[in-house]
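Worksheet: the structure to be examined is printed underneath.
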Amino acid sequence: MDISKLSDFNTIAQHGGFSAASRASGIPKTTLSRRLSELEQELGVRLVERGTRALRLTEEGQLLRNRTAHLIDELAEVGEEVAGHAGRPRGKLRISVPGLFAHTALGRIVAEFIAAYPDVTVEVSVDDRFVDPITEEFDIVVRANPDPDTDLVGQCFLRDDLVFAAPPQLSIPETDGTTVPAVMIAAAREAAEWTLDAGNERRTVRPRTVLRCSSMLLVYNAVLAGAGVAVIPRWLAEPDFRTGALANWGTVPGRRVDAWALHTSRHLTSPKVAAFVAKMVAAYDPAARGEATFLARLARRPFER
């Protein structure tokens with residue numbers, strides 16, 4: 001295959017039509033159309049169904065797009081490096097993040113990133129399931145406490161305690177074994193008993209599940225609204241502990257949350273991946289901004305105006 005024609009095909013597919021692709025690349029529409037036709041003739045298949053208003057990739061076109069888009073980006077990065085621009089992030093960066101990070105901090109981080117690296121276009125997918133970055137073509141996957149057996153590599157950007165957060169009107173029981181209303185994350189197993197580590201004292205309570213949510217953000221908002229007690233990351237609850245909007249019943253002994261920015265080993269030296277991971281680490285580093293600023297900035301209520 002001719003690499004330039006393949007690159008033009010991916011540009012057309014990315015932008016959904018000849019006009020948009022022409023504006024993005026600076027290549028005339030007639031040239032893009034001719035190169036696409038030549039590529040189809042060389043491969044002996046139709047890659048695009050052309051309509052009056054838009055075009056649609058055929059099954060063969062989608063396959064070619066899926067298998068070559070990241071290769072074209074990598075070839076462009078190599079070209080930049082050979083031309084003397086080594087290390088300059090460019091191209092499209094696809095990121096998968098869980099809802100908690102997406103709706104509390106990521107918007108600010110991405111805004112700062114694209115301001116610093118204008119040649120990078122960021123595409124964010126919000127999903128709490130663990131996606132496959134290879135088959136689903138993600139450059140970076142952000143997840144908390146990932147499976148250590150994964151083939152991915154990456155960097156931990158946040159290590160924190162898990163705490164029991166409760167509405168202020170719900171007092172911590174003075175007697176061990178007291179039943180309390182609990183808001184649970186869907187992935188958590190049912191527990192007959194919770195152990196609360198409150199400094200020099202440990203207590204036990206029996207959680208009674210009143211609400212089970214697939215999203216940690218929904219768990220957090222439900223506790224703020226008074227639904228019950230929940231186990232959430234300290235960084236998320238700390239500002240509310242200080243204002244009194246939530247009560248801190250203590251930490252979860254022996255458990256922590258480690259948040260990682262993961263990628264395949266193939267992306268280990270990619271400038272755009274390395275730059276974004278560095279931005280994540282800096283954003284979540286309390287020492288870089290001061291503890292109060294860090295917590296207020298990243299753990300602000302997501303829908304606060």
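Nothing fancy with the numbering, it's 1 onward along the sequence. The model shown is predicted, which means the values in this text are computed figures rather than measured ones.
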> Does anything in residues 165-193 pair up under ring-ring contact (aromatic ring centres under 6.0 Å, His included), and if so which pairs, sequence neighbours excluded?
Replying inline: none
>> Is it true that, when you exclude Lys92 itself, more than 12 heavy atoms of the residues, nucleotides or ligands shown sit nearer than 6.0 Å to its NZ?
In response: yes
So do the side chains of [X] and [Y] get within less than 4.5 Å of each other, counting heavy atoms only?
X      : Y      : answer
Met184 : Cys213 : no
Ile109 : Phe101 : no
Leu47  : Val45  : yes
Leu262 : Ile140 : no
Leu224 : Asp240 : yes
Glu123 : Leu93  : no
Leu63  : Glu59  : no
Leu64  : Leu43  : yes

Nearest 0.5 Å, please: how far is [atom2] in [Y] from [atom1] in [X]?
X      : Y      : atom1 : atom2 : value
Glu238 : Asn248 : CD    : CG    : 7.0 Å
His103 : Leu218 : NE2   : CG    : 11.0 Å
Gln41  : Arg46  : CD    : CZ    : 10.5 Å
Leu100 : Ser215 : CG    : OG    : 7.5 Å
Ser125 : Glu136 : OG    : CD    : 8.0 Å
Ile185 : Ile232 : CD1   : CD1   : 11.0 Å

>> Evaluate Leu158 against Asp258 for side-chain contact (heavy atoms from CB on, under 4.5 Å), listing each step before the verdict.
In response: CA-CA 6 Å; Leu158 172 66; Asp258 290 352; over 6 Å; no
Closest approach of [X] and [Y], non-hydrogen atoms and distance?
X      : Y      : answer
Leu57  : Gln62  : CD1-OE1, 3.4 Å
Leu55  : Gly17  : CD2-CA, 3.7 Å
Asp161 : Arg256 : OD1-NH1, 2.9 Å
Val141 : Phe138 : CG2-CB, 4.2 Å
Pro98  : Val142 : CD-O, 2.9 Å
Val257 : Pro233 : CG1-CB, 4.2 Å

> What residues form a ring pair (Phe, Tyr, Trp, His ring centres under 6.0 Å) with Phe113, not counting sequence neighbours?
Replying inline: Tyr117, Phe276
Whether [Y] and [X] form a salt bridge (side-chain N of Lys/Arg under 4.0 Å from carboxylate O of Asp/Glu) is what I want to check.
X      : Y      : answer
Arg203 : Glu193 : no
Lys5   : Glu42  : yes
Asp197 : Arg202 : yes
Arg108 : Glu112 : no

Determine yes or no for a side-chain-to-main-chain donor-acceptor pair under 3.5 angstrom, with [X] supplying the side chain and [Y] the backbone.
X      : Y      : value
Ser25  : Ile27  : yes
Arg90  : Thr121 : no
Ser22  : Phe18  : no
Glu49  : Thr58  : no
Arg255 : Leu162 : no
Gln155 : Met280 : no

> Is there a side-chain contact (heavy atoms from CB on, under 4.5 Å) between Arg23 and Lys29 once you walk through the steps?
Replying inline: CA-CA 9 Å; Arg23 288 191 296 270; Lys29 289 191 295 182; over 6 Å; no
>> Just to verify, what does Asp127 make a side chain to side chain donor-acceptor pair (under 3.5 Å) with, not counting sequence neighbours?
In response: Arg129
> Is the closest side-chain donor-acceptor distance between Thr251 and Arg234 under 3.5 Å?
Replying inline: no
>> Enumerate the side-chain hydrogen bond (donor to acceptor under 3.5 Å, both in side chains) contacts for residues 6-15, please, sequence neighbours excluded, ordered by first and then second residue.
In response: Asp8-Arg35, Asn10-Arg65, Asn10-Thr68
Mind checking whether [X] and [Y] sit in one hydrophobic cluster, side chains of I, L, V, M, F, W, Y counted as touching below 4.5 Å?
X      : Y      : result
Phe241 : Val229 : no
Tyr220 : Val126 : yes
Val281 : Val124 : yes
Leu196 : Val252 : yes
Met216 : Leu246 : yes

> What pairs with Glu60 under salt bridge (Lys or Arg N to Asp or Glu O under 4.0 Å), at least two apart in sequence or on another chain?
Replying inline: none
Using distance only, find each side-chain donor-acceptor pair of residues 163-183 under 3.5 Å and give its atom names and separation, not counting sequence neighbours.
| from | atom 1 | to | atom 2 | distance (Å) |
| --- | --- | --- | --- | --- |
| Asp176 | OD1 | Thr204 | N | 3.2 |
| Thr178 | OG1 | Thr175 | O | 2.7 |

